[in-house]
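In what follows, a structure is listed as structure tokens, so that the remarks can point back to it.
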Amino acid sequence: MNPMKSHYQTTIDKPVIFVGVGLHSGEVAIMKLKPTTNTRGIVFRRMDIAPKRREILARWYNVSDTTLSTTLTNDSGISVATVEHLMAALYGCGIDNVIVEIDGPEVPILDGSAKDFVINIEQAGIRFLQKERSVILLQRKVEVQDGDKLATFSPCLSQKFSADLSFPGTAIGQQSFTFDRSRSDFKKQIANARTFGFAEQIEQLKAAGLAQGGTLKNAILVDKQQIINKEKLRFDTEFARHKVLDAMGDLALSGYPIVAEYSSYKSGHDLNHKLLSKLMHNQRNWRLITYTEYADLVGPHYAPSAEIDEKENIPDKIHKKAG
Ligand SMILES: [Zn+2]
């Protein structure tokens, strides 16, 4: 069964271990993903902290910092940083519940993408649980703006993510990418898009205690029109795809798949968090429905197994239903 289209919640079938440096802290952490039958969602456990204080639920209301990455903090003040790529990998693989044991303050950055998370999660396999999955169905448009930056949820019966970027005068330039989670392959299209940074900001970031673990092995470094890495870009639109990856991870902090179209212009973790908070704070913005209700709503048009063109629109009938 396709875990993304499962009516039942999932966990991984076997534990998976990752070891690596944190992008911002520069600290090495051992991180173990463990199966769980408890359907609380994604739960981090700081293994270097006393048991009573170590648990951090991966939810939007625990977001404490969004400077260049997303940090979660529990009521005891215990944090875990840079959760977004792991959250995106779990969401992209259709994993609802997992325990993430970690012995340090930051999720390993690995190669700057979600590629290794996805490969290892797939190898671990997926276990279906005896509890039905629910989804958030968007009821009306929700938007946040910060200067010329914009992030929006629009009603749609799919789970779509679009990112538009504009860095004029750099190797990034203007680029955009749209991904439909229900119809396209997360592993092929999004998971291996790496994070990126600008050479001119490196000194400033390091002085501010950020990017301490950053190297050309875990980030694309852009120096005006040049890309410093020897490795070629993995896609022409790798930057926009990475923004989609980040958004999927940040929005997975709702705790449910969100049935809506997310679109952003120059967005980042901060705006993603503001958008999700605005959505969740007003109960009139959304409705929690079971996956069975969702499947009934979209009907047979919404079960294509083959990958389709990323830019292709969903059928008119579904648009009409959504409107
Ligand atoms: Zn990222």
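Residue numbers count from 1 along this sequence.
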Practice item. Carefully, step by step, assess Glu231 and Arg194 under the rule salt bridge (charged side-chain N to carboxylate O under 4.0 Å, His left out). Key: CA-CA 12 Å; Glu231 186 192 347; Arg194 292 162 295 167; 3.3 Å; yes
Practice item. Just do the side chain to side chain donor-acceptor pair (under 3.5 Å) check on Arg284 and Gln139 with the steps written out, would you? Key: CA-CA 7 Å; Arg284 281 183 301 172; Gln139 298 294 291; over 6 Å; no
Point to revise | Candidate pair Leu90 and Asp96, rule side chain to side chain contact (heavy atoms under 4.5 Å, CB included), full reasoning | key: CA-CA 7 Å; Leu90 291 165; Asp96 304 294; over 6 Å; no
Point to revise | Residues Leu129, Thr39; criterion side chain to side chain contact (heavy atoms under 4.5 Å, CB included); working and verdict | key: CA-CA 9 Å; Leu129 303 174; Thr39 53; 4.0 Å; yes
Practice item. List the steps, then state whether side chain to side chain donor-acceptor pair (under 3.5 Å) holds for Thr170 with Gln225. Key: CA-CA 4 Å; Thr170 73; Gln225 300 281 359; over 6 Å; no
Exercise for review: Under the salt bridge (charged side-chain N to carboxylate O under 4.0 Å, His left out) rule, what do Lys274 and Glu143 come out as? Steps first, then yes or no, please.
Suggested key: CA-CA 9 Å; Lys274 286 181 175 144; Glu143 191 165 79; over 6 Å; no
Check your understanding: Would Gln9 and Asn97 satisfy side chain to side chain donor-acceptor pair (under 3.5 Å), going step by step from the backbone distance to the final call?
Key -> CA-CA 8 Å; Gln9 294 193 31; Asn97 305 289; 2.9 Å; yes
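A side-chain donor from one of Thr73 and Ser64 sits under 3.5 Å from a side-chain acceptor of the other. For the residue pair Thr66 and His273, no side-chain donor N or O sits within less than 3.5 Å of a side-chain acceptor on the partner. A side-chain donor from one of Asp111 and Ser113 sits under 3.5 Å from a side-chain acceptor of the other. For the residue pair Ser25 / Gln212, no side-chain donor-acceptor distance below 3.5 Å is found, with atom types taken as modelled.
Taking 4.0 Å as the cut-off between side-chain N and carboxylate O, Glu55 and Lys52 do not count as a salt-bridged pair. Salt bridge annotation for Asp148-Lys266: present, with a cationic side-chain nitrogen under 4.0 angstrom from a carboxylate oxygen. Using a 4.0 Å cut-off between charged nitrogen and carboxylate oxygen, Asp13 and Arg127 count as a salt-bridge pair.
Rounding to the nearest 0.5 Å places OH of Tyr265 at 11.5 Å from CD of Gln145.
Around the CD atom of Gln204, the shell of radius 6.0 Å holds no more than 12 heavy atoms that belong to other residues, nucleotides or ligands. Annotation for Phe198: atom CZ counts as buried by contact number, over 12 foreign heavy atoms lying within 6.0 Å. Within a 6.0 Å radius of NZ in Lys217, other residues, nucleotides and ligands contribute 12 heavy atoms or fewer. The number of heavy-atom neighbours closer than 6.0 Å to CD of Gln226, taken from other residues, nucleotides and ligands shown, is 12 or below. Residue Asn2 places its CG atom among more than 12 non-hydrogen atoms of other residues, nucleotides or ligands, all under 6.0 Å distant. In this structure, Arg140 places its CZ atom where more than 12 heavy-atom neighbours from other residues, nucleotides or ligands lie under 6.0 Å away.
Of all non-hydrogen atoms in Val21 and Gly26, the two that sit nearest each other are CG2-O, 3.2 Å. Listed here is the closest heavy atom pair of Ile102 and Ala29: CG1-CB, 4.0 Å. Nearest approach of Asn229 to Ala219, heavy atoms of both residues: ND2-O, 2.8 Å.
No chain of hydrophobic side-chain contacts below 4.5 Å, direct or via other Ile, Leu, Val, Met, Phe, Trp or Tyr residues, connects Leu23 to Leu72. Criterion: ILVMFWY side-chain heavy atoms under 4.5 Å apart, direct or through other members. Under it, Leu150 and Val142 are not part of a common hydrophobic cluster. In the hydrophobic clustering of this structure, Phe235 does not group with Ile220; members are Ile, Leu, Val, Met, Phe, Trp, Tyr whose side-chain heavy atoms approach within less than 4.5 Å, directly or through other members. In this structure, Met47 is not a member of the same hydrophobic cluster as Ile56, with clusters built from ILVMFWY side-chain heavy atoms closer than 4.5 Å. Cluster membership for Ile95 and Ile258, using ILVMFWY side-chain heavy atoms within less than 4.5 angstrom, is shared.
Under a 3.5 Å cut-off, the side chain of Glu106 and the backbone N or O of Val80 do not form any donor-acceptor pair. The main-chain N or O of Thr292 is found under 3.5 Å from a side-chain atom of Glu132 such that the two form a donor-acceptor pair. The main-chain N or O of Leu57 is found under 3.5 Å from a side-chain atom of Asn62 such that the two form a donor-acceptor pair. A donor-acceptor contact shorter than 3.5 Å links the side chain of Arg133 to the backbone of Ser6. Distance alone, capped at 3.5 Å, places no donor-acceptor pair between the Glu293 side chain and the Ile289 backbone. Judged by distance alone, the side chain of Ser134 and the main-chain N or O of Thr290 form no donor-acceptor pair under 3.5 Å.
Among the candidates Lys34, Arg54, Arg46, Lys32, the single residue satisfying the side-chain hydrogen bond (donor to acceptor under 3.5 Å, both in side chains) test with Glu101 is Lys34. Partner Ser69 forms a side-chain hydrogen bond (donor to acceptor under 3.5 Å, both in side chains) with one of Thr82, Thr195, Asp246, Asp250 and no other, that one being Thr82.
Taking the ring centre of Tyr91 as origin, the terminal cationic atom of Arg181 falls inside the region bounded by 6.0 Å and 45° from the ring axis.
Side-chain rings of Phe239 and Phe167 stay apart, their centers remaining 6.0 Å or farther from each other. Checked against the 6.0 Å centroid criterion, the rings of His281 and Trp286 do not qualify as a close aromatic pair.
Inter-residue side-chain proximity for Lys149 and Ser267 is flagged as unmet; no heavy-atom pair is nearer than 4.5 Å.
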